[in-house]
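FYI, side chains are in, hydrogens and waters are out, and symmetry mates aren't considered; it's all heavy atoms of this structure. Note on naming: letters A, B, ... go to the chains in the order of the sequence lines (proteins, then strands), and numbering restarts at 1 for each one.
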Amino acid sequence: MTDDASKPQSVRDYRETLFLPKTDFPMRAGLPKAEPKWLERWEKLNIYNQLRAASQGREQYVLHDGPPYANGHLHIGTAMNKILKDFVTRSHQMLGYNAQYIPGWDCHGLPIEWKVEEQYRKKGRNKDDVPLAEFRKECRDYASHWLDVQREEFKRLGVQGEWGNPYTTMAYSSEAAIAGEFLKFAQSGQLYRGSKPVMWSPVEQTALAEAEVEYADHTSTTIWVRFPVSGTPVSVNLERASKMKDASVLIWTTTPWTIPGNRAISYNTSISYGLYEVTAIDDSDFTPWSRVGEKLIVADSLWEEVAKTAKVSGFTRLADVDASTLTCAHPFAGEGYDFPIPLLAGEHVTEEAGTGFVHTAPGHGAEDYDVWLANGYKDIPETVGPDGAYYDHVPLFSGLQVIRTTGKKTGKDGPANAAVVDKLVETGALLARGRIEHSYPHSWRSKAPVIFRNTPQWFIALGEEGDKNSLRAKALAAIENTRFYPPRGKNRLSAMVDGRPDWLISRQRAWGVPLTLFVRAGTGEYLQNEAVNARIIEAFKVEGADAWFAENAQERFLSGLVDDWEAYEKVEDILDVWFDSGCTHAFTLENRENLKWPADLYLEGTDQHRGWFQSSLLESCGTRGRAPYDGVFTHGFVMADDGRKMSKSLGNVIDPADIARTNGVEILRMWVASSDVQDDMRMGPEIIKTAADSYRKVRNTLRYLLGALQGFDETKQVEPKDMPSLERLMLHRLSVMDEEVRAAYIALDYKRAFSLLFAFCNEELSAFYFDIRKDALYCDPLKSPRRLAARTVMDLIFERLVTWFAPLMPFTMEEVWLTRFPSDTDSVHLRTFPDTPTDWRDDALAADWTRITNLRRVVLGSLEEARSAKLIGSSLEAMPQVFAQDAADHAAITAQAEGAEAEFLADVFITSQAVLTAQEGPDNAFRLGDAPGVSVLVEKAPGVKCSRSWKYFDAANADASYPDITLRDAKAVREWDTAHG
RNA sequence: GCGGCGGUAGCUCAAUGGAUAGAGCACCUCCUUGAUAAGGAGAAGGUUGGGGGUUCGAGUCCCCCACGCCUUCCCA
């Protein structure tokens, strides 16, 4: 039989009688244009404040913003960070908390100062000629400018927060608070002034903390230098002494300019040293500095290499050497360097490179300093000034710069190295020289090399090992009481705090909060006076930290409160900006009304283990004895799609502003939501495309719901008990999803939340539920219980899906929500996740459906086979005969089919009819390897094709008035005809 | 160099030491044309970075190597 033969002469087009999904919601989003309009609307409605008002009395959840630096445009990393934060606050708000978010900015510090200085240089002005107040004002303006730029960029990302009232480290109230926090350290005695070698940038003329340097390749001049042995103790026998006559201890260094600062030579007691006499030299290429007959003391393991470098072609090893018995002279002895050079034992000396002896300049290296002090010496020579030039008192080299600090060659070697080398040649001390490329610390701002330089600086003491009351011990204990996401962050932060040196907090800069200290002239002790402190803080609140630099500040703050106010010196150093940011908890969480301290969460990139997580922890532990946070969330860095760093030179940089312009921010947000943010993420064109594809999928699922729910209202709802099994299955799934999605949001696991939602849309809605229920939705009489039940469930799905997605995709969910419920004032973001009745959960029913969908799987496979054999095209042309041997499968179907098994199965399989048989299928039946006991034979469905539902049916059963459609369709059409005349 | 972390399909992600390593997307093929710049199905795609080891059994635990990222130190 063919379709044509069974059809009546004039075929009615039933399309208009169908209920097809209808919606104005466009398939294409046009996000780049639409998003700014949503932002405008939210701003107009003042959603953030509405939420605050509506959340009064709810439990608070506070994510405290780590302040970005107010300089430059956003990059993909900062964008990702803020989007993640937005996930946190939005999801917690919808979980039922009062989740506030106060964005903040870090405004002080070297990078801004550096930029402002650059501007001056361009105008031909020297920074030192600019009055301090004017300079600070310029810095403030510069920070304000970038703060505004960044604020707009952050808002464009859809990040919800109190943008109109952010915190900044440069607000007067903040500057007052920072000074107040600093003075707490001073009052409690945790602050001290020490003189030790610190990393110093001559170009910026400031000390730098670890966090402010970066390592880059640098070519250094290396020198091998003879230090003549000047004496051996009397206890050494004469033979030995004579051998030592004219011998030299050989050292190697990559920093010739530190030779004037040399005061000792370090050796290691576990290294064996030998006295070598040079018997021949290789002068074929050039005349080496080594001389036949000279005696050198070098580590035995390193001698050969040294000999090679020095062109020594023949030698005799004369004797073992006990380094501890030696004293040397400085190579420049007789020219102002007339002091003995002792040999000091030090564990830091190794045999990896060099000569086994380490030239020791206590003012220019941490280990040098330590060894020097450990041997009872106290004076630390000061050889190089803040400008990186030798002090005037340094013989031979006064005024020469180590690193150029001005002009085009800024950052390159100054004349110091060359002058020292020349002088070494002149005095005959140089044995050899060379060049080495190695990684070397550079300033993160000027990119110029830094030097180690001894200078008095202010430190916060971390405390001695074993001291349970030390700041370090308190911080470590606080880490133990903090929840880390992921947990490995705990180890990381602990290890860093455990191993870090005292906190160097003074900088010789201008733009920041000063160390508000007065030092007693002569004694070096700093004033600890609560009344003075109060005066300072009060002044800062009104005038900002500029008050410190105003004329007569000293008199203003001290007079009347101390005996002799002129006997003090006002400290002019500026606080490390990490100290500023370490105080954000104090002036934001504590000082603002309606916030709480400590924060629930700090969320930053893993680099902040050494930055903000740590500065905040130390600051808070030093002043309050505990961490300012209960939880720390760390995310990785954004890499290019090949896993390498993004860099302009490689051309693999993805700019978030570009994505906003071309794809829309929502795509960026989806990328964040689908990425494993706790590891490094990858970003590139293909990855954006994947996110955009996912977006379309989600959008279409919601679009279908909107279309299907056209005209649906609550009065048409069906009670769960009156619903078909399939609808109750979907309710069950919603209850499970509710639990899982909430759990994912609580665990800050957005990837999980997203993949749950995404998979639900794809696998359970689009490919399963919607597909099966299309027939009932389109063709059933409008009031059929099945159709009403389906729409009821779709409504419940809609309500949940939209809110569950809302924290991740705020723009699109708002659009979806308002398409369904038009309003000038409403917003999906004012809602919370809907309560989901626990009695929707039905595990027994779900278990039955697991069996049914397993059968469905086999049937779909069999249909595909029939399709490729050209037996059928559409699945409605088929009547699968299912052979299921397992009685439990039958029981499941019986339980869920509600008395109409064949129709039930046909619906589930989306076929016109279906037959279920309890026996083993024939050999030629279709089977799947992982579904034993189930097989399917596909036959063409008998009967005629219904002109309306396209299902095949027995025409003998047709309604006389509508002979070409099924009875169900006839009923629907009759209703439609009645309604439409 | 030290230390930490990481790697699973073209892409994004799963997988208490336990069966033939799973999903989605993309690609390809087919169906549908009543979600249509959509929808459905199927196929293909893997030496789980490489190599050893422990184990009845390893993506998972141990060791080594190479790689990437972070961190730290640095050739004094």
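Distance from the side chain of A:Asp607 is smallest to B:U71 among B:C31, B:U71, B:G39. In the set B:A41, B:A26, B:C70, the nucleotide with an atom closest to the side chain of A:Asp693 is B:A26.
Between the C1' atoms of B:A26 and B:C13, the separation comes to 15 Å (whole Å). Spacing of C1' atoms, B:G49 relative to B:C67, comes out at 8 Å, to the nearest Å. On the P atoms, B:C11 is 23 Å away from B:U16, given to the nearest whole Å. A distance of about 9 Å separates the C1' atoms of B:G17 and B:U55, rounded to the whole Å. On the P atoms, B:G46 is 35 Å away from B:A37, given to the nearest whole Å. Comparing the same atom, C1', in B:G3 and in B:U60 gives a spacing of 24 Å after rounding to whole Å. Only the P atoms considered, B:G24 is 28 Å distant from B:G6, to the nearest whole Å. On the P atoms, B:A66 is 49 Å away from B:C30, given to the nearest whole Å.
Within the nucleic acid shown, A:Ser875 has no heavy atom closer than 4.0 Å to any nucleic acid atom. Looking at heavy-atom distances under 4.0 Å, A:Ala767 makes contact with sugar-phosphate atoms alone, never a base. Within the nucleic acid shown, A:Lys774 comes within 4.0 Å of at least one base atom, counting heavy atoms only. Using a 4.0 Å heavy-atom distance criterion, A:Arg699 is classed as making no nucleic acid contact. The residue A:Arg752 sits apart from the nucleic acid: no heavy atom pair falls under 4.0 Å. At the heavy-atom level, A:Ser868 lies nowhere under 4.0 Å from the strands shown. Using a 4.0 Å heavy-atom cutoff across all strands shown, A:Trp950 reaches at least one base atom of the nucleic acid. Within 4.0 Å of A:Glu865, counting heavy atoms only, lies no atom of the nucleic acid at all. In this structure, A:Ser874 reaches the sugar-phosphate backbone alone: every heavy-atom distance under 4.0 Å involves primed, P, OP1 or OP2 atoms, never a base. Using a 4.0 Å heavy-atom cutoff across all strands shown, A:Gly707 reaches no nucleic acid atom at all. Nucleic acid contact class of A:Asn700 (heavy atoms, under 4.0 Å, all strands): base.
Side chain of A:Arg968 to main chain of A:Ile965: no donor-acceptor pair is present (N/O by atom type, distance under 3.5 Å, no hydrogens or angles).
The phosphate of B:G24 (OP1 or OP2) has no side-chain N or O of A:Ser694 nearer than 4.0 angstrom. Distances shown here put a side-chain N or O of A:Tyr778 below 4.0 Å from the OP1 or OP2 atom of B:A35. A close approach under 4.0 Å does occur between a side-chain nitrogen or oxygen of A:Lys697 and OP1 or OP2 of B:G39. Close to B:G34, at under 4.0 Å from its OP1 or OP2, lies a side-chain N or O of A:Arg15.
If you take CG of A:Leu18 and P of B:U33, they are 13 Å apart, rounded to a whole angstrom. Separating the CZ atom of A:Arg696 from the C1' atom of B:C25 is a distance of 11 Å, rounded to the nearest angstrom. The distance from atom CD of A:Glu686 to atom C1' of B:C27 is 11 Å, rounded to the nearest whole Å. For A:Leu876 and B:G40, the CG to P distance is 16 Å, given to the nearest whole Å. Atom CG in A:Leu860 sits roughly 14 Å away from atom C1' in B:C30 (whole-Å rounding). Residue A:Asp771 contributes atom CG, which lies 12 Å from atom C1' of B:G34 at whole-angstrom precision. Between A:Met681 atom CE and B:G7 atom C1' the separation is 15 Å, expressed in whole Å. For the pair A:Gln678 CD and B:G7 P, the computed distance is 13 Å after rounding to whole Å.
A cation-pi arrangement is absent between A:Arg856 and A:Phe909, since the terminal nitrogen or guanidinium carbon is not both under 6.0 Å from the aromatic centre and inside a 45° cone about the axis. Both the sub-6.0 Å distance and the 45° axial angle are satisfied by A:Arg787 relative to the ring of A:Phe19.
Inter-residue side-chain proximity for A:Asp775 and A:Ser949 is flagged as met; some heavy-atom pair is nearer than 4.5 Å.
An aromatic stacking contact between A:Tyr704 and the base of B:G39 is absent, as defined here by ring centres under 5.5 Å apart and ring planes under 30° from parallel.
Consecutive Watson-Crick or G-U pairing (both distances under 3.5 Å) extending over three or more pairs maps onto RNA chain B as B:3-6 with B:67-70, B:10-13 with B:22-25, B:28-31 with B:39-42, B:49-53 with B:61-65.
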- Would you sort out whether A:Thr634 and A:Thr606 count as a side-chain hydrogen bond (donor to acceptor under 3.5 Å, both in side chains), showing the intermediate values? CA-CA 5 Å; A:Thr634 51; A:Thr606 72; over 6 Å; no
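Taking the six-membered ring for Trp and thresholds of 30 and 60 degrees, A:Tyr273 and A:Tyr267 have ring planes more than 60 degrees apart, a perpendicular arrangement.
Ring centroid separation for the pair A:Tyr750 and A:Phe754 does not come in under the 6.0 Å cut-off.
Comparing A:Arg488 and A:His359 along RNA chain B, the residue whose closest nucleotide (by nearest heavy atom) sits nearer the 5' end is A:Arg488. Positionally, the nearest nucleotide of RNA chain B for A:Met27 lies more toward the 5' end than for the other of A:Met27 and A:Arg492.
Side-chain to base pairing of A:Thr701 with B:A35: no donor and acceptor N or O lie closer than 3.5 Å to each other.
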